Amino acid sequence: MTAAHELGPSYSAAEVERSVAARWAATDYGSPDGRETRDAEGRESLPPFTIIMPPPNVTGGLHVGHALFVTLEDLMVRRARMQGRAALWLPGVDHASIAAQYVLDRIVEKEGSSRADLGRARYLERMHRFMDETRNTILAQFQRLGASADWSRTRFTMDEVSSRAVRTAFATLYERGLAYRGEALVNWCPGCKTSVSDLESVATEEQGSIWEIRYPLEGGDATSGVVVATTRPETLLGDTGVAVHPDDPRYTALVGKRVMVPFVNRAVPVVADAFVEMGFGTGAVKVTPAHDPNDREVGLRHNLPAPTILDESARIVADAPAPFAGMDRFKARKAIVAALEELGLLVSVKPHTANPARCQRSNDILEPRLRTQWFIRAKPLAEKALAATRSGATQIVPAHFEKTWEHWLTDIRDWNVSRQLWWGHRIPAWYCADGHITVTDREEGPVGCGTCGAESNTLQQESDIFDTWFSSGLWPFSTLGWPDKTPDLARYYPSQVMETGHDILFFWVARMMMLGIELMGTPPFETIYLHGMVRDPEGEKMSKTKGNVVDPLSVIDEIGADALRFALVSGTAPGADQRLAPEKLENARNFMNKLWNAARYVLGARPAEATGDRPSATDAHMAAGEFGTWMATRLSAAVDDVDRALGQYGFSEASQRIYDAIWAEYCDQAIEIAKVTLADETRPAGERTAVWWTLVDALDDLLRLLHPIAPFITEGIWEALPRRAGDPGLLATAAWPARHAASSTAASSIDLWLDLVREVRAARTTAKLPAGAWIPLTVAAPPKLVTSGEGLRSAIERLARVRPLTIQAALPAAGEGLLVVAGALTARLEPPQADAAALDADRARRGRDLVAAQAQLAAAEGRLADPSFTGKAPAAVVAGAERRVAELRDEIARLERGS
RNA sequence: GGGCGGUUAGCUCAGUUGGUUAGAGCGCAGCCUUGACAUGGCUGAGGUCACAGGUUCGAGUCCUGUACCGCCCA
């Protein structure tokens with residue numbers, strides 16, 4: 001970057017971002033106790049502001065979803081930092097056990113080996129090497145986005161502290177009876193060879209069949225018995241019953257009788273159970289307790305055995321009858337159907353839409369299997385989480401997600417935390433030869449069996465590991481040092497905001513809430529802010545196979561992180577998905593370019609008289625004249641609006657307001673007005689100096705407002721700005737702007753004159769007057785506006801391209817020309833050689849204005865004439881209507897007089 | 001089947017506790033190479049706020065229902 005006062009002639013995001021990043025890297029500004037902060041003492045008097053960063057997957061690369069969350073969190077943290085709070089944004093990465101193992105398995109396969117070949121120890125060693133390669137990649141990419149996290153506190157869900165937190169948490173839950181080991185049906189993924197939680201199972205839809213199969217009566221022939229309907233004939237080998245609805249008259253006589261399951265020749269009872277839908281299929285269903293959740297329930301209610309008939313690869317078990325033993329489940333389905341047909345037991349086959357659950361990771365169809373697993377008792381934990389949101393201790397943004405939250409937590413089922421994987425935290429449970437369970441938080445394991453005292457070296461540790469989300473669930477406090485009582489934990493727990501995607505509300509947020517309340521005693525965050533998904537311009541989910549993925553790094557290379565951040569922020573609404581189109585990115589880029597050029601102009605327009613340091617009091621110059629007051633008022637309104645928007649997580653609204661403040665107000669109006677004064681050597685030097693310093697002060701405010709969204713360019717420009725005494729070295733640690741004392745509540749005459757300028761321009765356009773021509777304008781203005789108009793004379797001339805400009809009390813008697821009415825101002829443009837057609841066009845325009853004004857007047861008058869309006873509406877609204885009527889009458893009178 | 005959300009300009013979306021003149025960006029049309037910026041400036045066209053009822057002095061905003069779209073849970 002070039003020296004102060006000299007911004008490069010064209011905006012290069014890459015150059016600015018590189019240079020600013022280097023300056024940041026040389027400081028500890030991201031630390032809540034950073035030395036860069038301007039007021040360390042003041043900081044202590046304010047509450048800290050903490051966001052714990054959702055840890056990205058260790059093996060992952062940056063995608064646009066990361067870019068969104070990094071931007072939003074960084075925005076909040078940067079603003080809090082500027083407000084003088086101790087702002088902590090704590091980063092880290094997640095070991096992502098199933099996802100990482102899935103990725104590494106593919107790599108190992110390519111290397112011609114396999115997980116089984118390597119064995120657990122060597123595989124984990126290979127995994128650690130892999131982690132070391134990838135761990136910092138994603139965080140380095142976050143830095144390119146401008147993330148101002150405290151990198152010195154970076155954590156990993158598999159580091160030593162996290163491991164201790166996991167053991168302690170589990171041991172505590174076990175002690176409290178909130179963790180238990182039990183046999184239950186789990187979602188088994190035959191591809192990943194592990195169980196997965198309900199949340200990791202994805203319901204899908206596919207065309208299948210429904211088979212109707214006859215189970216003959218025990219001792220009966222092939223026409224006796226009952227016809228069951230099933231979508232999974234292959235599980236027939238594990239059937240231990242047939243169920244019918246108790247009220248189904250078709251089967252009343254059969255209940256209690258026994259029927260024969262083909263091939264296995266097992267006599268099983270016909271039971272009556274209300275879960276059966278009479279209208280489905282034949283109204284009779286086979287019961288396979290070990291391979292279907294509903295059947296499991298029925299089996300338990302009717303004391304049916306539950307033989308497992310599918311192994312961990314979802315093949316028919318070895319002790320099943322030939323030829324099915326060892327067969328894959330889908331082959332077995334065909335084979336069994338064929339065999340049934342041969343036996344004459346297949347009654348019919350009908351098409352049917354099935355909804356098999358698939359593994360979120362591998363997409364294999366999940367197989368329910370009975371297994372002994374570790375579970376977390378969810379109900380008592382969920383109740384506390386619900387209490388926290390109901391009491392308002394934790395607030396969900398947007399609020400409507402509370403309903404989803406309620407729904408899920410109310411009907412929550414126990415959480416299966418066992419995974420038959422290798423990469424992850426091993427469950428700290430040990431079993432002795434007699435099967436007693438000992439759970440401990442000691443890294444080296446228990447000293448002996450907690451029940452029978454069997455020696456530690458005879459104990460076997462559980463081979464299962466924890467669901468990744470168990471360690472993630474501890475993240476809000478394990479990152480702060482828990483289970484130790486660290487100063488960080490005391491200072492930063494609970495955090496203010498948990499910002500994450502609504503897609504992991506249950507996976508993660510609910511678990512953090514449940515575990516946080518249980519283990520820490522208080523909810524882990526005050527606000528849960530949920531963002532939506534970033535989609536492609538057509539609203540499609542981005543995916544590599546579709547090829548519609550926006551790569552944030554290429555976007556940054558092309559237009560800069562600031563533009564990407566601005567585009568994402570301006571498109572976001574709490575909980576809502578957004579479409580990211582190239583036009584949006586382009587607009588953001590243009591905005592950055594606009595800001596850069598505005599700054600270039602301001603810095604280059606310094607009057608010779610504006611020597612010396614920047615005045616430390618902003619409002620000295622702003623109070624000096626109409627322009628300063630106007631600017632102060634505009635800035636104050638912008639600050640108020642941005643504060644209000646951000647206070648309610650209206651990020652997009654805030655970004656739009658800043659965009660307007662910079663582009664429409666500052667560039668299109670303030671600079672254009674100031675330009676005239678600054679270029680006018682005949683103006684008093686003091687006036688030019690005041691105007692220039694006002695521009696500088698305003699730019700400074702705007703940079704501060706925009707900084708949380710676009711940190712690089714604002715920092716880069718700010719560096720070139722004359723500094724005030726007491727300002728820190730970095731904009732990142734400078735103070736958040738406040739209202740200006742010089743602002744005014746009264747309408748500024750500048751706005752009134754700008755309205756006139758706009759009307760004159762419109763008149764010129766409709767009348768097709770040459771854009772470059774100087775055209776005489778006479779304005780009739782009330783006395784107060786005559787004075788301010790004189791002060792703005794050269795600006796009005798230039799902006800409206802009018803000359804000579806006459807400002808007086810009244811218009812001379814009707815003459816040729818174009819009438820212009822704007823607020824309290826009436827004016828006449830007098831083009832030297834106006835052609836008749838042009839004048840007609842303008843007259844038509846004015847006619848339309850008149851009609852519109854008359855319609856509005858009629859409406860307003862109608863309202864005021866209605867006693868129910870004047871009687872019931874608030875006084876302010878009535879007064880507003882009255883004012884409006886007066887204005888409209890005045891305007892109409894002037895429009896009519898002139899035409 | 002249950003729940004939640006959406007439907008506003010050609011497109012993408014804003015729209016605070018109901019206040020009467022519904023906004024922005026992009027796109028479109030016309031004009032402008034004016035010494036910060038053509039990644040720009042100026043001006044303009046374009047909306048019965050999905051539909052049908054209701055509450056109210058007043059409804060894009062609140063209530064009921066309908067249609068369509070999307071998401072979540074089963």
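In what follows, chains carry the letters A, B, and so on, assigned in the order in which the sequence lines appear, proteins first and then strands, with residues in each chain numbered from 1. Note that the coordinates shown come from a computational prediction; the quantities given were computed from them, not determined experimentally. In what follows, every heavy atom counts, from backbone to side chain, and hydrogens, waters and symmetry copies are set aside.
- Counting non-hydrogen atoms under 4.0 angstrom, A:Asp411 reaches nothing in the nucleic acid.
- Looking at residues two or more places apart in sequence or on another chain, you find a side-chain contact (heavy atoms from CB on, under 4.5 Å) between A:Thr71 and A:Arg565, A:Leu568, A:Val569.
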Show every donor-acceptor pair shorter than 3.5 Å between a side-chain atom in residues 880-887 of chain A and any protein atom, with sequence neighbours excluded, or say none if there are none.
from, atom 1, to, atom 2, distance (Å)
A:Arg884, NH1, A:Glu887, OE1, 3.4
A:Arg884, NH2, A:Gln856, OE1, 2.5

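- A:Thr404 meets the side-chain contact (heavy atoms from CB on, under 4.5 Å) test with A:Phe401, A:Phe506; sequence neighbours excluded.
- The side chain to side chain contact (heavy atoms under 4.5 Å, CB included) test with A:Ile412 singles out one residue from A:Met514, A:His407, A:Glu383, and that residue is A:Met514.
- Side-chain atoms of A:Thr500 and A:Trp508 form no donor-acceptor pair, as typed in the model, at a separation below 3.5 Å.
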Q: Using a 4.0 Å cut-off on protein heavy atoms (strictly under), produce a 5'-to-3' string for nucleotides 23-34 of chain B with B for base contact, S for backbone-only sugar-phosphate contact, and - for none.
A: -SSS----SS--
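- Spacing between atom CZ of A:Arg761 and atom P of B:G41 amounts to 11 Å, rounded to whole angstrom units.
- Atom CZ of A:Arg644 is separated from atom P of B:A14 by 19 Å (rounded to the nearest Å).
- Neither OP1 nor OP2 of B:G40 sits under 4.0 Å from any side-chain N or O of A:Lys594.
- Nucleotide B:C13 holds its P atom 11 Å from the CG atom of A:Asp536, rounded to whole Å.
- Qualifying side chain to side chain donor-acceptor pair (under 3.5 Å) partners for A:Asp640, counting only residues two or more places apart in sequence or in other chains: A:Arg739.
- Annotation: A:Tyr529 is not in aromatic contact with A:Phe69 [ring centroid separation under 6.0 Å not met].
- Listed by chain and number, the residues in a salt bridge (charged side-chain N to carboxylate O under 4.0 Å, His left out) with A:Asp292 amount to none (sequence neighbours excluded).
- Residues that satisfy the side-chain contact (heavy atoms from CB on, under 4.5 Å) test with A:Arg793, not counting sequence neighbours, are A:Glu790, A:Glu797, A:Leu805, A:Ile807.
- Between the CG atom of A:Asp641 and the P atom of B:U16 there is a distance of 14 Å, rounded to whole Å.
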**Q.** 5'-to-3' dot-bracket of RNA chain B (Watson-Crick, G-U; under 3.5 angstrom; crossing pairs as [ ]; | other strand)
**A.** (((((((..((((.....[...)))).(((((.......))))).....(((((..]....)))))))))))).
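- Listed nucleotides B:G35, B:A36, B:C13 differ in distance to A:Ala679; the shortest reach to its side chain belongs to B:G35.
- Annotation: proximity of residues 396-407 of chain A to RNA chain B (heavy atom, distance under 4.0 Å) is found for A:His400, A:Lys403, numbered in ascending order.
- Of all nucleotides listed (B:U43, B:C37, B:C13), B:U43 comes nearest to the side chain of A:Ala762.
- A:Arg535 has no carboxylate O lying under 4.0 Å from a charged side-chain N of A:Glu540, or vice versa, which leaves the two without a salt bridge.
- For the pair A:Ile662 CD1 and B:G40 P, the computed distance is 15 Å after rounding to whole Å.
- Residues A:Lys675 and A:Glu672 are paired through a salt bridge, judged by an N-O separation under 4.0 Å between the basic side chain and the carboxylate.
- The stretch residues 853-863 of chain A participates, sequence neighbours left out, in these salt bridge (Lys or Arg N to Asp or Glu O under 4.0 Å) pairs: A:Glu861-A:Arg889.
- The stretch residues 861-869 of chain A comes close to RNA chain B through A:Arg863, A:Asp866, A:Ser868, A:Phe869, each having a heavy atom under 4.0 Å from the strand.
- By the side-chain contact (heavy atoms from CB on, under 4.5 Å) test, A:Asn590 is found to be paired with A:Trp663, residues two or more places apart in sequence or in another chain being considered.
- Remark: A:Arg589 is not in phosphate contact with B:U39, judged by side-chain N or O atoms under 4.0 Å from OP1 or OP2.
- If you measure from atom CD of A:Glu540 to atom P of B:G70, you get 10 Å, rounded to the nearest angstrom.
- A donor and an acceptor atom, one from each side chain of A:Asp660 and A:Tyr666, are nowhere located under 3.5 Å apart.
- In this structure, A:Ala573 reaches the sugar-phosphate backbone alone: every heavy-atom distance under 4.0 Å involves primed, P, OP1 or OP2 atoms, never a base.
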